[in-house]
Amino acid sequence: MYRSHNCGELRGVNAGQPVTLAGWVQRIRNFGGMIFIDLRDRYGITQLVFSEEIDPSLASQAEELGREFVVQASGKVAERSNKNKEILTGDIEIIVEKLNVLNKSKTPPFTIEDETDGGEELRMKYRFLDLRRKSPMQNLMLRHQMLQETRRYLTSEQFIEVETPFLIKSTPEGARDFVVPSRMHQGSFYALPQSPQTFKQILMVAGFDRYFQIVKCFRDEDLRADRQPEFTQIDCELSFVTLKDVIDVFSGLSTHLFQQIGGVELDSSRIMTYDDAMRFYGSDKPDLRFEMKFQYLTAQVAGTDFPPFASVVAEGGDVIGFVVKNGAGYSRRQIDQLTDFVRQPHRGMKGLVWIKLETTGEVKSPVGKFFTDDQLKQWMSACGAEKGDLLLIVAGETEKAQHALGGLRLEVAKQEGLSDKRKFVATWITEWPLFEWVEEDQRWYSRHHPFTAPNEEFLHLLETDPGKVKANAYDFVINGVEIGGGSVRIHDRQIQEWVFKTLGLSTEESREKFGFLLSALDYGAPPHGGIAYGFDRWVAMMAGADSIREVIAFPKNNAGRDIMIDAPSPVDFAQLNELGLKLSEEKK
C-alpha cells in the first residue's frame, strides 16, 4: 500500500495516528535543524516535518529531495503550532519516521504553483507538468462534474445517449472539414463530423424520441480563444416539439447545472428576438449584465443642419446612442480613445458625438454650436440620462451603426468594470433570419444550417424573397457568449428541397450530398428539433477562464498545433503510398 490517506484529508482529529502519504514535493523549507516539505497530490497539500535532532539520517535524506520528486512518507499526525488557514490540512503536519523516494525529477522548467512563471506556450509543451497545478486540475474536475450532472439531468428527462459515427461523409456548408483518406477505397475520403446533425435527425425518424450525446466535433477553421479544431458539444434532439418545448427543456438543463455546480440561481427564461438584440444592443449575443441599451435619436435630429446627422438621415440611416451612467467625468483623452475605437476600419464610423450632463445641470458637447442646450437636454432626457451621465452617439447606415455601437458598448463596460465574471445573465435569441446573402459569392448561405425550419408564416417567401424568411431557430446566450444554438428542423422533404435549391444546390447535388436524409424524410419523419451546447465554452465560463484552452486537458495552440506531442507532423511516405496519396518529388 503506497498510502493510507491522501494529501487533502487529514485534520486535527487525526492527531497521533500513524499514516502513510505519497505525492509530489511542492516546496522545501530548510531551517537548519528542521526541514519542512509540502507534499502535494490531486486532493491537497500536507506538510511533512524532518528533524535532525530526532533522526539526522532522515533529515539528511530529506535535504537531497528536489521539487517534483515523487516520495512516500510514513509518520505520525501532529497538531501544528503555526496553523495555516490557507489549506484544509493547515491544522496538522506529519512527523516523518520513514521516507522512500519513488522517483526523482528534473528541475521543472516553470514553477508548478497557482501563480506560475511559465508562459502559455511553455506550459502547453510541458502540459503534463502544468496539469499538476491547482487551477488546471480544478478546471478539469469542474468539467467532470458538469459532464456527470448533464448526463444525470438529461437521463431524468428520458433522453437516451447514443454514439454516432466519427468517420462520415463530407458535406457542403459550414466550416471546412477535416478529411481522412480511405485505404480500402483509394481516392475516396471520410470526413470528421462538424456535428452529428444529420445522424440525430435520423434517430428522430427512427423513433428514439429523445437523444443526447456528449461528443467530439471537428472543424478546420482559424482559431481564437473560444475555438479549437476539436471541441466538445452537448448534442441533443427531441421529437414532437415546438420552439417553446425545446426552450423549456433546456432552460431546465442550464438552471440545473448552475444550481448544482455553482450554487447560482440562473434565470433561463428570458427570450429576445434577433431583431431586438441587434436594435438595442448591436449584437446577436448581447451581454445583459449591464444596461447601456441603445436609444434612437433619428426622429429628434430630423431636419437638423448638422451635416453628419443630416446626411445620414437623408440616406435612410440612423442616429443611435447609449447612456454611460456617471460618465460625465470622462476626460477628453478617454473620449478621444473611444472615438478612435469606432473609427477603426472594421467599424467604419466617421466619428463619435458626446454629450455630458454635468451634476450642476450644465450640458456640454462639441456639437453645442449646432444645437441649443434645451435640444441637447431633450435628447439626454429621451435616452434616460440623469445629471452626471454621458451620452455617446454614432450615425450611419443602420446595421453598421448598430455594429459599431455594440462594440463600443462592450468596450465601455470593460473600462467601467461591469463585466463581472461572478454574475450570470442569460437570454434566448429567437426569430433569426433563415438565410444571409454573401455579396462576394453572390449566393445565399444558411444562418444556422440548411436543416433549420422556416417559420410557417414565411413559407410563401422561400422562393420569392429568401432574405425576409425568419427561421425557427434559437441561440442560448450567457454574458455575451453563445453557449448553445439550435432549431426546429425541417421534417417535410419538399421544404428541405426548397431550402437546398435556395442555397444553390441542384437536385442532383442535393441527392448526392444528402440523399440519405431526404430518403428518411419520405418515411414518416416526426416534427423535431434540438440544440448543441459548446461544452468547452460553458465550462470556461463556469470556471471564470478567459480561454477554452484552460479547461481542455490537452488543447491545441493558436496555430492549431499540439506542441507537447508535436502534431500535426509528417507521416512516412510508405503510409501515403498505401493510401494512394502521391507527393511531388520535392516533397518526398
Contact between [X] and [Y] at the side-chain level, heavy atoms closer than 4.5 Å - yes or no?
X	Y	result
Tyr281	Leu405	no
Gln415	Leu338	yes
Leu390	Ile355	no
Leu391	Ser365	no
Phe218	Pro193	yes
Asp209	Met204	no
Met542	Leu142	yes
Val215	Thr232	no

Would you check if the side chain of [X] reaches a backbone N or O of [Y] as a donor-acceptor pair within less than 3.5 Å?
X	Y	result
Asp420	Arg422	yes
Asp245	Thr242	yes
Arg443	Trp437	no
Asp267	Ser269	yes
Arg409	Glu291	yes
His460	Glu457	yes
Arg343	Lys350	yes
Arg227	Glu221	no
Arg143	Val551	yes
Asp235	Ala532	no

Pairing donors with acceptors under 3.5 angstrom, does anything connect the side chains of [X] and [Y]?
X	Y	value
Arg549	Asn558	yes
Thr372	Asp374	no
Asn455	Glu431	no
Thr452	Ser487	yes
Gln213	Thr164	yes
Ser251	Asp248	no
Gln496	Trp498	no
His528	Arg210	no
Ser268	Ser254	yes

Taking all atoms of both residues into account, what is the closest heavy-atom pair of [X] and [Y], and its distance?
X	Y	answer
Ala395	Met349	O-SD, 3.7 Å
Ile552	Gln228	CD1-CG, 3.9 Å
Tyr330	Glu416	OH-OE2, 2.6 Å
Val342	Gly351	CG2-O, 3.9 Å
Lys285	Glu482	CD-N, 4.0 Å

Measure up the [X] and [Y] rings against each other and bin them: parallel (under 30°), tilted (30 to 60°), perpendicular (over 60°).
X	Y	answer
Tyr274	Trp432	tilted
Tyr533	Trp538	tilted
Phe451	Phe500	perpendicular

Can you tell me how far the [atom1] atom of [X] sits from the [atom2] atom of [Y], to the nearest 0.5 Å?
X	Y	atom1	atom2	answer
Lys423	Asp287	NZ	CG	9.0 Å
Ile393	Cys383	CD1	SG	6.5 Å
Lys468	Leu462	NZ	CG	14.0 Å

Honestly, is [X] close enough over [Y], meaning NZ or CZ under 6.0 Å from the six-membered ring centre and within 45° of the axis?
X	Y	value
Arg151	Phe212	no
Lys200	Tyr211	no
Arg347	Phe341	yes
Lys356	Trp354	yes

Are more than 12 heavy atoms from other residues, nucleotides or ligands located less than 6.0 Å from atom [atom1] of [X]?
X	atom1	value
Glu399	CD	no
Gln158	CD	no
Glu456	CD	no
Lys216	NZ	yes
Lys400	NZ	no
Lys470	NZ	yes
Asp340	CG	yes

Phe258 ring center within less than 6.0 Å of Phe424 ring center
yes
Centres of the Phe166 and Tyr190 rings: under 6.0 Å?
no
Could you go step by step and tell me if Asp522 and Ser519 meet the side chain to side chain donor-acceptor pair (under 3.5 Å) rule?
CA-CA 5 Å; Asp522 280 335; Ser519 177; 5.4 Å; no
From the options Tyr296, Phe309, Phe306, select the one residue that forms a side chain to side chain contact (heavy atoms under 4.5 Å, CB included) with Val319.
Phe309
Kindly indicate, with the supporting measurements, whether the criterion side chain to side chain donor-acceptor pair (under 3.5 Å) is fulfilled by Gln259 and Glu265.
CA-CA 6 Å; Gln259 283 178 338; Glu265 295 297 325; 3.0 Å; yes
Check the pair Val425, Arg270 against side chain to side chain contact (heavy atoms under 4.5 Å, CB included), reporting the backbone distance first and the verdict last.
CA-CA 9 Å; Val425 182; Arg270 185 199 302 252; 3.8 Å; yes
Show, in sequence, the C-alpha distance, side-chain angles and deciding distance for Gln194 and Asp177, and conclude whether the side chain to side chain donor-acceptor pair (under 3.5 Å) test is met.
CA-CA 7 Å; Gln194 296 186 34; Asp177 288 328; 2.6 Å; yes
